[in-house]
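Quick note on labels: first sequence line is chain A, next is B, and so on, each numbered from 1. It should be emphasised that the depicted structure is a prediction, and the values quoted were computed from it without experimental measurement.
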There are 4 protein chains.
Amino acid sequence: MGTPGLADRIVEAGGRLFAEQGFHATGIRAIAQAAKVSIGSIYHYFESKEEILERIVRAEIDRRREFLEGLRKQGLPLEEQVRLIVQHHFSLLREGRDSARLFLREWFDPTPELRTKMYRLYDEVAGYIAQLIEEGIAAGEARPCRPLVAAYTILGLVEAVSLRALSGDETAALLMEEGPRELAESLWLWLRR
Amino acid sequence: MGTPGLADRIVEAGGRLFAEQGFHATGIRAIAQAAKVSIGSIYHYFESKEEILERIVRAEIDRRREFLEGLRKQGLPLEEQVRLIVQHHFSLLREGRDSARLFLREWFDPTPELRTKMYRLYDEVAGYIAQLIEEGIAAGEARPCRPLVAAYTILGLVEAVSLRALSGDETAALLMEEGPRELAESLWLWLRR
Amino acid sequence: MGTPGLADRIVEAGGRLFAEQGFHATGIRAIAQAAKVSIGSIYHYFESKEEILERIVRAEIDRRREFLEGLRKQGLPLEEQVRLIVQHHFSLLREGRDSARLFLREWFDPTPELRTKMYRLYDEVAGYIAQLIEEGIAAGEARPCRPLVAAYTILGLVEAVSLRALSGDETAALLMEEGPRELAESLWLWLRR
Amino acid sequence: MGTPGLADRIVEAGGRLFAEQGFHATGIRAIAQAAKVSIGSIYHYFESKEEILERIVRAEIDRRREFLEGLRKQGLPLEEQVRLIVQHHFSLLREGRDSARLFLREWFDPTPELRTKMYRLYDEVAGYIAQLIEEGIAAGEARPCRPLVAAYTILGLVEAVSLRALSGDETAALLMEEGPRELAESLWLWLRR
DNA sequence: TATGAATGAGTATTCATTCAT
DNA sequence: TATGAATGAATACTCATTCAT
């Protein structure tokens, strides 16, 4: 409601441009122009270009965490939960959600400090999934395994495949179409008791 | 035999530095210094900084392809092949093979052209794995599925997990230790008939 | 009496910061923060950053002029007057009086207009000293000389030495300790009939 | 001989511009333009803008040191030496020697590190003068005093007066004309036995 | 009076690339 | 082949100043 604040416009424009061209290739001037904001305003709200990226990533993580928290409260069987997690991820991609794309990019390029922060945020999400799996094991739905390793396996699998699915070519289209079902099935075959 | 040529020295130094610091953070002067080569020589052998990266990536892909070709000739059962593919990947990481790290980095940052090239090279490897799976299906070892999607699943899974395993923290250590066995098992549970 | 006005707080904070870090290195925001005043208020009371400096310098000049006027009224012998002028200057420095330090700084850096203003203010002080000398010559205490040149000599001598005395090292300590007596003596040896 | 190298052109242009407008007011682009050199070349030869200033100051100090060394070898009476030091200084100013002007400027503005360097260089010159005075005392020409304090007195006196003499107004003209004789006389009256 | 969000020209510096030798 | 001096467009970021509230 109401017009979005400058900070929001900056984050939105930054997210889009970073996702399209990469963090390094996106200049602060381009962000300012895209957000219809002065360069000075960017630095009024953010300490640096990196802080913009950080905010974007944090927001994306938050969204995923909320989804997982909501999922957990529903008490669905683990198989269904896995299916929904995979679907959720792909639907974010399909919507063309910029930050979903960005999230897959920039894992490595920024300074080590940012990378450390990103790992920490990522670990939060993995922790949620590990919890779901742990409960699934306790309920006898899943075979005994290390929940955290399994969580990273799920996340990694889903992200790596969706990464390829973003390229825009034929292989990408195939993965985008068949990916969700095939991945959810694979994961369940692997996790189930 | 004999001293390596200038081009080799450049590729070797570039690979090391790109992997350590990233493509953008590595200057051409740093490469020149590390390779004990003049800046002029770099441009004598390579058109641009990107071409150095391209060569490094191509070499890495070639090494993997050779491994997969060799694997295929041995006619092992698919379960064993999957196990060896996973193991091979992790052992490259464990050796600290620079280009293996690099391969995981720079997936996204460079110009779109380079990205396209990288996809193409990556697809080569995926194609080899898809072939192995196709043969496994034909031999009744694996359940029917889309081989290319399955190949990307395997590659994506392995790379995404190893990506996290490179961070150097505790989670990374856990993934590095438990990852290969757990992943191979997962993949086989999923692929088998 | 009562709380000092905003303008005073700004001048006080500006004087301190300029003296500590220099005019260029001190931002308007730092002044606002130190004075616990909004940026807007600064521009309400002053036209520009330079005007703050100008006010500080003017105040310092005024203080010196007052001292010199008071000195003149006492009708002391010129030798004594010279001694007191030197002492006064060093005691300002020793007290750590910010504007005394500032006065020695920023002689040159600001825009030409400000420099001109500073010269004019400085000339006021020199004029007072020249007057004292002129009266000393008339009274037969001092040798005949150009009073204005002599005044600049005195001012320059004292300031240049105190400049060096501000550095905080060993030489500075020596100058701070021996400077006042030695300088007063020198000046009198040189001025006296 | 032959055309001066790029580094020389940069130093020359930098010295001129710094002296005219001050260190802060002189941009690197202005130096590049004035020296008819690319910005890149400046950074090829100098690490930073400050390094240019440093080189200029060092050169100026070197020139003065050479003059003082030459003076000392001539074995003139101290009175004559003092006269020549003062004259030398003023003749540098009169020649419009840029670095002489610069030397008087920028005593304070740059970073603390540079200031420390400048003090150290300045102390070298003061040390030479102190030596001359010490020998003068030993020879019975000068009254006993602390040579280093006396040296700073001489330097400070000369520089402070010449500082004022640079302003370009009437007072400046008076100081420029009468300064050398008057100062030399003053100093000798003060130093002599 | 008083505020501080908004501005954008300006800054020093970097770095891939070229080219005369 | 081999060099490295020379280039200059591009970069992230600063900061005095304005102005609507």
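B:F46 comes within 4.0 angstrom of nothing in the nucleic acid, heavy atoms only.
Residue B:K49 comes nearest to B:T26 through the heavy atom pair NZ-O, 2.9 Å, listed as atom of the first residue, atom of the second, then distance.
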Do any N or O atoms of the protein come closer than 3.5 Å to N or O atoms of nucleotides 12-15 of chain E, and which pairs are they?
{"from": "E:dA12", "atom 1": "OP1", "to": "D:K49", "atom 2": "NZ", "distance (Å)": "2.6"}
{"from": "E:dA12", "atom 1": "OP2", "to": "D:I28", "atom 2": "N", "distance (Å)": "3.0"}
{"from": "E:dT13", "atom 1": "OP2", "to": "D:Y43", "atom 2": "OH", "distance (Å)": "2.7"}
{"from": "E:dT13", "atom 1": "OP2", "to": "D:K49", "atom 2": "N", "distance (Å)": "3.1"}
{"from": "E:dT13", "atom 1": "O5'", "to": "D:Y43", "atom 2": "OH", "distance (Å)": "3.4"}

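Considering CZ of A:R16 and CD1 of A:I56, their distance stands at 11.0 Å, rounded to 0.5 Å. Atoms OG and CD1, on B:S48 and B:I28 in that order, are 8.0 Å from each other to the nearest 0.5 Å. Atoms OH and CD1, on C:Y45 and C:I52 in that order, are 13.0 Å from each other to the nearest 0.5 Å. To the nearest 0.5 Å, atom CD1 of residue D:I42 and atom CD1 of residue D:I10 are 5.0 Å apart. The CD1 atom of A:I61 sits 9.5 Å away from the CZ atom of A:R58 when rounded to the nearest 0.5 Å.
In DNA chain E, runs of at least 3 consecutive Watson-Crick or G-U pairs, each pair with both distances below 3.5 Å, span E:2-21 with F:2-21.
Residue C:Q33 qualifies as open at atom CD: its count of foreign heavy atoms under 6.0 Å is 12 or below.
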Inset, instruction - I would like to know whether A:E51 and A:R55 meet salt bridge (Lys or Arg N to Asp or Glu O under 4.0 Å); could you show each step before the answer? - result: CA-CA 6 Å; A:E51 213 193 62; A:R55 278 268 289 272; 5.1 Å; no
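Taking the nucleotide of DNA chain F with the nearest heavy atom to each of B:V37 and D:V37, the more 5' of the two is matched to B:V37.
The CD1 atom of D:I42 sits 14 Å away from the C1' atom of E:dT11 (whole-angstrom rounding).
In this structure, the side chains of B:F46 and B:E54 stay at 4.5 Å or more apart for every pair of heavy atoms.
Although no hydrogens or angles enter the test, the distance criterion places no donor-acceptor pair under 3.5 Å between the side chain of B:K36 and the main chain of B:R9.
Protein chain B touches strand DNA chain F; the 5'-most and 3'-most nucleotides with an atom under 4.0 angstrom of its non-hydrogen atoms are F:dT1 to F:dG4.
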